Student: 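Pasting a structure here, questions to come.
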Number of protein chains: 4
Amino acid sequence: MTVATEPAVTPERRRAPRGSARQSIVAAATELFARRGYEATSVQEIVAAAEVTKGALYHWFGSKSELLTSIYRELLAEQTRQLAEIAAGDGPVRERLHAAALDVVEHTAEHLAELTVWARSAHLLDDEHAEATRRERRRYHDLFRDLVREAQVAGVVRADVSATVVTHTFLSALGNVHTWFHPDGPLTFTEVGHQLVGLFVDGVRAPAESAPAGDPARG
Amino acid sequence: MTVATEPAVTPERRRAPRGSARQSIVAAATELFARRGYEATSVQEIVAAAEVTKGALYHWFGSKSELLTSIYRELLAEQTRQLAEIAAGDGPVRERLHAAALDVVEHTAEHLAELTVWARSAHLLDDEHAEATRRERRRYHDLFRDLVREAQVAGVVRADVSATVVTHTFLSALGNVHTWFHPDGPLTFTEVGHQLVGLFVDGVRAPAESAPAGDPARG
Amino acid sequence: MTVATEPAVTPERRRAPRGSARQSIVAAATELFARRGYEATSVQEIVAAAEVTKGALYHWFGSKSELLTSIYRELLAEQTRQLAEIAAGDGPVRERLHAAALDVVEHTAEHLAELTVWARSAHLLDDEHAEATRRERRRYHDLFRDLVREAQVAGVVRADVSATVVTHTFLSALGNVHTWFHPDGPLTFTEVGHQLVGLFVDGVRAPAESAPAGDPARG
Amino acid sequence: MTVATEPAVTPERRRAPRGSARQSIVAAATELFARRGYEATSVQEIVAAAEVTKGALYHWFGSKSELLTSIYRELLAEQTRQLAEIAAGDGPVRERLHAAALDVVEHTAEHLAELTVWARSAHLLDDEHAEATRRERRRYHDLFRDLVREAQVAGVVRADVSATVVTHTFLSALGNVHTWFHPDGPLTFTEVGHQLVGLFVDGVRAPAESAPAGDPARG
DNA sequence: AATGAATGAGAATTCATTCAT
DNA sequence: TATGAATGAATTCTCATTCAT
């Protein structure tokens with residue numbers, strides 16, 4: 001109070017525009033996590049890339065895992081919003097389900113890197129963070145499963161396999177495209193995604209053969 | 001124990017003689033990696049659980065990653081052997097493909113924990129180990145894909161989706177059952193696995209509806 | 001806010017006006033320092049508990065140590081005031097000394113928590129703060145010692161032990177009651193305090209035995 | 001004792017003689033903790049002073065607090081051993097009690113620095129370490145208290161003050177000599193200690209005055 | 001075939017404090 | 001009379017690995 005450290009006029013700002021640190025951190029972390037993996041990326045590297053200090057990072061995020069969680073939750077929230085919108089549409093359920101499936105494909109394509117990181121590192125999180133995310137993830141899953149159920153009731157989707165299994169299968173087949181998809185392969189991610197939806201809907205069986213009784217594949 | 005890993009003629013023992021430290025290490029590591037993850041398990045914890053010393057571990061394994069790799073390669077080798085045998089059988093391709101699919105399910109069920117570890121941690125390995133495993137993994141994949149191709153040629157599997165995509169989809173759907181399967185749920189793993197094969201073969205579409213022209217689900 | 005802390009006529013405000021942040025800070029810090037220790041309490045925790053911001057704390061106190069020092073100096077000032085008053089009384093020295101001793105007991109009982117903090121953390125302070133407090137503390141000590149000396153001269157207190165040792169012993173025995181006193185034990189703090197004064201005055205020797213010549217305990 | 005840390009012939013030592021790291025660490029830590037305080041001493045400083053690496057320190061001690069605890073427990077064990085021996089002697093209880101008191105004084109004098117550290121920092125320890133030490137500390141206290149009780153029963157020590165209070169008072173008066181004793185003052189520590197035992201035994205009252213009825217100090 | 005003390009580099013995190021507003 | 005984002009240096013601790021024995 002007795003010390004007037006700074007005159008009224010401040011000639012120039014020291015660093016970046018105020019309040020932008022958080023964004024830089026998220027951007028840098030997303031990029032680094034995606035490229036090198038969560039565990040292999042040190043907090044030091046993140047702050048260096050974001051051009052902020054460690055203190056700033058810990059001002060915004062309580063821990064490295066909270067940072068990871070934050071990134072994922074934003075993604076998840078966006079995707080959930082989209083799915084909820086599609087599911088609440090008023091077209092026939094078959095169309096809504098199909099649109100939902102394609103939406104998952106699109107979203108996965110757009111955020112392949114982040115989702116890959118998540119898939120590999122979620123198990124490292126402490127319970128606190130894991131729990132919150134699990135609830136949100138579950139909400140997303142339930143939304144999709146309810147759509148599948150609606151389709152089963154409407155006779156559009158086979159009812160001899162539980163909606164839960166159908167949902168998990170589809171979502172995890174997509175959620176792991178990162179393990180084998182190569183951007184420089186013959187197909188774009190979206191093409192692959194559409195083939196995948198096709199497989200999911202019709203199965204691998206050649207059309208000619210379609211569903212004869214006593215099929216051994218029915219086990 | 002029930003598996004005779006030892007062919008009649010073995011010129012020299014491959015590795016560990018009578019009940020040695022090596023086995024304890026592998027057992028302990030498998031269990032810990034599965035329970036806590038590879039990165040979260042320290043070498044110290046492994047040797048404590050295996051009741052051996054660090055020196056012993058480094059006597060048998062050059063590094064922590066070599067230990068992880070060893071565990072996975074043994075699994076992979078066994079699975080590849082079985083698949084090769086099935087693929088080389090002389091029944092109709094449809095049956096061989098189906099048997100192969102069920103075999104993947106069974107094997108996955110038996111080694112869920114180890115496979116989970118692998119799925120999460122493979123990306124952490126140094127190039128040297130990664131490369132060797134990738135080659136073997138690729139061999140397994142190719143074996144399966146060739147079977148799919150054979151089935152496509154025979155008109156048993158639809159040919160409008162690449163055999164590679166079909167293979168990856170099936171394998172990764174199965175490879176990620178660990179993310180959602182709960183042993184105390186209503187279905188056993190094997191039941192889930194069979195439903196999964198069913199889905200894979202016939203798709204989710206309700207039979208009645210089967211493949212009408214101009215289906216919107218066909219995009 | 002509901003409390004009118006403001007007497008009608010106050011020439012100038014000493015410090016905090018109406019229910020200000022300063023009081024919340026002192027209250028919160030006292031409580032936290034007492035419960036968790038000075039070093040283990042972060043400035044962040046203090047401001048959270050006081051429901052003010054860091055800036056506010058640093059507005060009122062130059063540093064964390066100044067905050068600690070402030071708390072202690074207020075206590076010390078109060079106690080010194082009381083002691084000075086008692087010492088300056090006009091009763092016989094024996095009575096004044098006894099009253100002083102009981103006053104220490106009462107005051108210690110009332111401020112056990114804060115005094116504990118001080119005893120544990122004073123050594124951490126930077127020289128500047130340490131010095132100021134040391135002088136005041138010394139003044140308090142000297143006041144008590146002078147009373148003891150007066151009592152020695154008057155033949156009320158034994159003269160074969162230095163007044164300084166007597167003073168320190170008594171004050172430090174009391175100053176460390178916190179290490180062993182439990183509020184839920186059989187005695188109240190005040191009862192313990194009185195026993196302590198009794199011990200201090202008469203010693204532990206059984207009265208019957210009192211002071212025979214050549215007592216081995218005198219060694 | 002059973003371990004001969006020093007092999008007869010060692011061609012050349014890389015650094016210090018094998019296995020000596022632990023001792024260097026304890027020595028360095030004791031010295032630094034005593035001089036600068038526990039919290040103010042960093043692990044870095046300890047290893048620098050001990051000429052070992054951080055890893056070595058953490059090989060021998062699980063944490064900084066474990067190191068502190070170890071130092072104190074050794075001290076406590078030694079003191080307890082001595083006290084037990086004295087208490088179990090076969091002289092009259094008055095003599096044994098007196099010997100015990102002097103032993104505390106001697107031991108405190110010898111280890112003033114370490115005990116000071118402990119007094120100031122014990123409250124920082126995590127529960128695990130605190131608990132173990134508390135039990136041992138309690139054992140020491142009980143040993144002393146039992147001796148006091150025995151003396152009370154024998155009529156050597158006044159019985160109107162609980163043995164527990166007597167014990168605590170004496171032990172904590174001594175345990176806090178560090179707060180006021182200056183080595184360059186007029187008295188040696190041992191002299192002060194003996195005066196203290198004298199005070200403890202006979203009280204501050206001048207002999208002539210001894211215990212008249214209705215003494216106000218008895219309140 | 002194994003020991004286990006020691007390494008050394010680097011990890012995440014904390015924290016009192018500052019300062020533009 | 002505050003605010004709170006940002007600092008930056010220090011802190012404790014971890015861990016895979018080595019190596020003399």
Side-chain angles (χ1 to χ4, degrees), chain A residues 1 3-10 13-16 18-22 39-47 52-65 67, chain B residues 16-17 20-22 39-47 52-67, chain C residues 16-17 20-22 39-47 52-67, chain D residues 5 7 10-16 18-22 39 41-47 52-67:
Chain A
M1 356 133 118
V3 186
T5 359
E6 196 82 38
V9 190
T10 313
R13 266 173 197 75
R14 217 188 277 240
R15 276 153 193 267
R18 285 232 123 197
S20 72
R22 192 181 196 279
E39 320 89 309
T41 302
S42 72
V43 170
Q44 175 54 46
E45 288 168 323
I46 297 171
V47 300
V52 299
T53 60
K54 273 188 196 167
L57 188 150
Y58 280 93
H59 175 69
W60 289 107
F61 303 95
S63 65
K64 194 184 168 193
S65 20
L67 174 52
Chain B
S20 98
R22 192 181 193 277
E39 322 88 305
T41 302
S42 71
V43 170
Q44 174 53 45
E45 288 169 320
I46 298 171
V47 301
V52 301
T53 61
K54 277 190 189 164
L57 188 149
Y58 279 91
H59 176 71
W60 289 107
F61 302 94
S63 67
K64 193 185 170 192
S65 19
E66 187 177 315
L67 173 52
Chain C
S20 100
R22 193 181 193 278
E39 322 89 304
T41 302
S42 72
V43 169
Q44 174 53 45
E45 287 168 322
I46 297 171
V47 301
V52 302
T53 61
K54 276 190 187 162
L57 189 149
Y58 279 91
H59 175 71
W60 289 107
F61 302 94
S63 66
K64 193 186 169 191
S65 18
E66 188 178 315
L67 174 52
Chain D
T5 7
T10 314
E12 34 99 78
R13 274 162 193 85
R14 204 197 282 238
R15 280 158 188 262
R18 283 231 126 196
S20 73
R22 193 182 194 279
E39 322 88 310
T41 302
S42 74
V43 170
Q44 175 54 45
E45 288 168 322
I46 298 171
V47 301
V52 301
T53 60
K54 269 186 202 169
L57 189 150
Y58 280 94
H59 175 69
W60 289 106
F61 303 95
S63 65
K64 193 184 167 191
S65 21
E66 188 177 314
L67 174 52

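Fair warning: this is a prediction, and the values are worked out from it, not measured in the lab. Just so it is clear: chains get the letters A, B, ... in the order the sequence lines come, proteins before strands, and each one is counted from 1.
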Student: Both C:Val52 and D:Ser42 contact DNA chain F. Taking the nearest nucleotide for each, which residue is further toward the 5' end?
Tutor: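 Taking each residue's closest nucleotide, the earlier one in sequence belongs to C:Val52.
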
Student: Which atom pair, heavy atoms only, marks the closest approach of C:Ser63 to C:Tyr58?
Tutor: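 In terms of heavy atoms, the two residues are closest at CA-CE2, 4.0 Å.
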
Student: Atom CD of C:Gln44 and atom P of F:dA6: how far apart are they, to the nearest Å?
Tutor: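 C:Gln44 atom CD is separated from F:dA6 atom P by 15 Å.
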
Student: With respect to the phosphate group of F:dA6, does any side-chain polar atom (N or O) of A:Trp60 fall under 4.0 Å of OP1 or OP2?
Tutor: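 So the side-chain polar atoms of A:Trp60 do come within 4.0 Å of the phosphate oxygens OP1 or OP2 of F:dA6, strictly under.
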
Student: Minimum heavy-atom separation for D:Gln44 and D:Lys54, please, with both atom names.
Tutor: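 Closest heavy-atom pair between D:Gln44 and D:Lys54: OE1-CE, 3.2 Å.
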
Student: Return the nearest nucleotide to the side chain of D:Ser63; candidates are F:dC13, E:dA6, E:dA2.
Tutor: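 Nearest nucleotide to the side chain: F:dC13.
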
Student: Base, sugar-phosphate alone, or nothing: which one does C:Ser65 contact when heavy atoms must sit under 4.0 Å apart?
Tutor: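 Nothing, no nucleic acid heavy atom in range.
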
Student: Using Watson-Crick or G-U wobble geometry with both distances under 3.5 Å, which nucleotide pairs with E:dA1?
Tutor: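 Its partner: none found.
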
Student: With both distances under 3.5 angstrom, what nucleotide forms a Watson-Crick or G-U wobble pair with F:dT7?
Tutor: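 Pairing partner, where one exists within any strand: E:dA16.
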
Student: Counting heavy atoms from C-beta on, name the nucleotide in E:dA16, F:dA2, E:dA12 closest to the side chain of A:Tyr58.
Tutor: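 Comparing E:dA16, F:dA2, E:dA12 against the side chain of A:Tyr58, the answer is E:dA12.
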
Student: Both C:Gly55 and D:Gly62 contact DNA chain F. Taking the nearest nucleotide for each, which residue is further toward the 5' end?
Tutor: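 Nearest-nucleotide comparison on DNA chain F picks C:Gly55.
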
Student: Decide yes or no on side-chain contact (heavy atoms from CB on, under 4.5 Å) for C:Val52 and C:Val47, but give the supporting numbers first.
Tutor: CA-CA 5 Å; C:Val52 302; C:Val47 301; 4.1 Å; yes

Student: Among F:dA2, F:dA16, E:dT17, which nucleotide sits nearest the side chain of C:Lys64?
Tutor: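 Of all the options, the side chain of C:Lys64 is nearest to E:dT17.
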
Student: How many whole angstroms separate atom CG of D:Leu57 from atom C1' of E:dA5?
Tutor: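 It is 13 Å, rounded to the nearest whole Å.
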
Student: Round to a whole Å and report the spacing from CD1 of D:Ile46 to P of F:dA10.
Tutor: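 D:Ile46 atom CD1 is separated from F:dA10 atom P by 17 Å.
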
Student: Can you tell me which nucleotide in F:dG8, F:dT1, E:dA6 comes closest to the side chain of A:Thr53?
Tutor: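 Nearest listed nucleotide: F:dG8.
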
Student: Looking at every heavy atom in both D:Trp60 and D:Arg22, which two are closest together, and how far apart are they?
Tutor: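 For D:Trp60 and D:Arg22, the tightest heavy-atom pair comes out as CE3-CD, 3.6 Å.
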
Student: For F:dA5, does OP1 or OP2 lie under 4.0 Å from any side-chain N or O of A:His59?
Tutor: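 Answer is yes, contact under 4.0 Å.
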
Student: Answer with base, sugar-phosphate or nothing: what part of the nucleic acid does C:Lys54 contact at a heavy-atom distance below 4.0 Å?
Tutor: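 C:Lys54: base contact, heavy atoms under 4.0 Å.
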
Student: Starting from the 5' end of DNA chain E, give me the residue, D:Ala56 or C:Val43, whose nearest nucleotide shows up first.
Tutor: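 In this pair, the answer is D:Ala56.
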
Student: Using whole Å, what does the distance between atom C1' of nucleotide F:dC15 and atom CG of B:Leu67 come to?
Tutor: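 Value for this atom pair: 15 Å.
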
Student: Please examine the side chains of C:Ile46 and C:Leu67, heavy atoms only from C-beta on, and report whether any two atoms are closer than 4.5 Å.
Tutor: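 Yes; the side chains approach each other to less than 4.5 Å.
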
Student: Atom CD of A:Glu39 to atom P of F:dT14: distance rounded to whole Å?
Tutor: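 After rounding, the reported distance stands at 19 Å.
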
